[in-house]
Amino acid sequence: MLPGTLKDRLQAVRSRLPGRLRRATHPRENLLAGVVAVLAGFTVFLIASEVFPYHSWNHDEGVYLQQAAMLLEGQLQLFPGELVDAVRPWFFVADGARLYPKYQPLPAGLYAVSMALFGEPRVTLAAVAAGNVALVYVLGSMAFDRRVGLLAAVGFATAPMTLVTSAVFLPYAPTTLFNLAFAVAYLHAHRTGRATSAALAGGAIGVAFLMRPYTAVLFAAPFLVHAGWEVGGALRERSGRRGPAGLLGAPALRRQGLTAVVGLGFVALTLAYNAAITGSPLTFSYEAFAPRDGPGLGRRQLLGHSIDYSLPVALRSNAHVLWYLLTRWGPAGALGTALAALGLAVSTRARRALPAGLATGVRGQDDGALTARALLAGLFVTVP
């Protein structure tokens, strides 16, 4: 029996619509999310131009802009000959008569695009910021609903971490763009089975790996676990079948295989770049510049600074970083973090209490929302 009010009746009818039709009945959130994304891009451009007109104190910005200028000249390396020591830029590796940058070239390639098209690399900063906000909205909508997605987009757009790191020429915001694109494409492929989305997921995480390999691996880790679990289940289910109904007929295997093949293609491209620049596919230019400045415990050194990175130091430093992130760099600082934790707990508990039909009508199991939430929750483990 339908509820008595017209609003309740419309909601009941809407809950029975297919997912695509339900989404089409709520364009308001899409429009508002688009406005938030555009405003975020404009704000970042303003901050980059007015707050950081001569860039930040982080000298790495110069490395990426130097790389962008080199790419526009078709160069991955510099060949100053005997003048190597006299003209060596910041964070460039000197190898005989040549110089090459410490960092991967793809973030600089994004800055080079706007330099070539507009003569202003800050256009890339604005576009990346807008793209990140839009993807956060989509991801929040996939995991919960469009209102949550919109709130997440607003929170992300107003976080000091977003505004500052997006307004400087560093690789964090661009890498986040492709990590988020990977998550959205992966979840869309999981929900719909579309091969195009699966291929886009592999391409997005592959590009992120080209930019910042360690960051991409940490972000992809929960998704890799899910992919392995899904493939394992498909193998167990179809191991006894033959012909078209056998292993090749498993949709999960085709989808995850396509993602893996495309992603590994970019990994191979990364290794090829390493081989061309450092002489070894497994040696990144970052490592060539400072072999002791990598992840893990032990003696670590960068330029003239060194430290014994023991487990107590690791725990203290990471606790300090996480505390700053949650109390100063997130939206509304500690208050925003507390509200986010409370909202997540209340929302999850409320959805569990809903009847099955209403829960799936809001945005439930049929749309893969539970999978999305579980994978995003995994990032609370892998990233810290």
Side-chain angles (χ1 to χ4, degrees), residues 14-25 134-146 149 177-209 216-269 351 356-379 381-382:
R14 180 178 176 271
S15 68
R16 293 181 174 87
L17 293 174
R20 184 174 297 178
L21 292 179
R22 284 203 309 271
R23 290 190 287 275
T25 61
L135 287 170
V136 166
Y137 166 70
V138 175
L139 198 53
S141 301
M142 294 176 112
F144 293 95
D145 56 47
R146 276 173 159 64
L177 179 72
F178 288 97
N179 279 335
L180 292 174
F182 159 71
V184 168
Y186 182 96
L187 292 171
H188 188 265
H190 172 72
R191 191 181 67 201
T192 65
R194 291 185 178 179
T196 303
S197 298
L200 288 175
I205 198 62
V207 171
F209 186 85
V217 169
L218 293 180
F219 190 92
F223 297 84
L224 293 174
V225 172
H226 176 264
W229 173 80
E230 195 173 47
V231 168
L235 289 174
R236 289 191 299 271
E237 180 182 353
R238 294 180 173 263
S239 58
R241 303 185 187 182
R242 301 191 181 278
L247 294 180
L248 295 179
L253 289 176
R254 294 197 303 269
R255 173 167 42 83
Q256 298 291 3
L258 183 57
T259 301
V261 167
V262 176
L264 290 175
F266 281 90
V267 172
L269 183 60
R351 288 166 190 278
L358 181 58
T360 54
V362 173
R363 238 178 118 87
Q365 298 177 7
D366 61 337
D367 281 342
L370 291 179
T371 299
R373 292 176 219 162
L375 295 178
L376 293 178
L379 296 175
V381 178
T382 60

Closest heavy-atom pair, Leu135 versus Leu177, reported as atoms and distance to 0.1 Å, is CD1-O, 3.4 Å
Check side-chain contact (heavy atoms from CB on, under 4.5 Å) between Ala183 and all other residues, then give those that pass, not counting sequence neighbours.
Leu139, Phe219, Phe223
Nearest 0.5 Å please: distance from the CD atom of Gln256 over to the OH atom of Tyr186.
4.0 Å
Using a 3.5 Å distance criterion without hydrogens, assess whether the side chain of Thr259 forms a donor-acceptor pair with backbone atoms of Arg255.
yes
Apply the test side-chain contact (heavy atoms from CB on, under 4.5 Å) to residues Leu187 and Arg191: give CA-CA distance (whole Å), side-chain angles for both, the deciding distance (0.1 Å), then the verdict.
CA-CA 6 Å; Leu187 292 171; Arg191 191 181 67 201; over 6 Å; no
When you measure from the side chain of Arg373 to the backbone of Ala143, do you find a donor-acceptor pair of N or O atoms at a distance under 3.5 Å?
yes
If the condition is side-chain contact (heavy atoms from CB on, under 4.5 Å), which residues does Leu200 pass it with, not counting sequence neighbours?
Ala185, Thr196
Do you know which two heavy atoms are closest between Ala221 and Thr382, and how far apart they sit?
CB-CG2, 3.8 Å
Atom of Leu253, atom of Ala234 and distance for their closest heavy-atom approach:
CG-CB, 4.0 Å
Identify the heavy atoms of Ala198 and Leu258 that sit nearest to each other, and give their distance.
CB-CD2, 4.2 Å
Can you list everything that forms a side-chain contact (heavy atoms from CB on, under 4.5 Å) with Val207? Sequence neighbours excluded, please.
Leu106, Phe178, Met211, Phe266
Nearest 0.5 Å, please: how far is OG1 in Thr371 from CG in Leu376?
10.5 Å
Got a sec, which residues hit side-chain contact (heavy atoms from CB on, under 4.5 Å) with Ile205, two or more places apart in sequence or on another chain?
Asn179, Phe182, Ala208, Ala216, Ala220
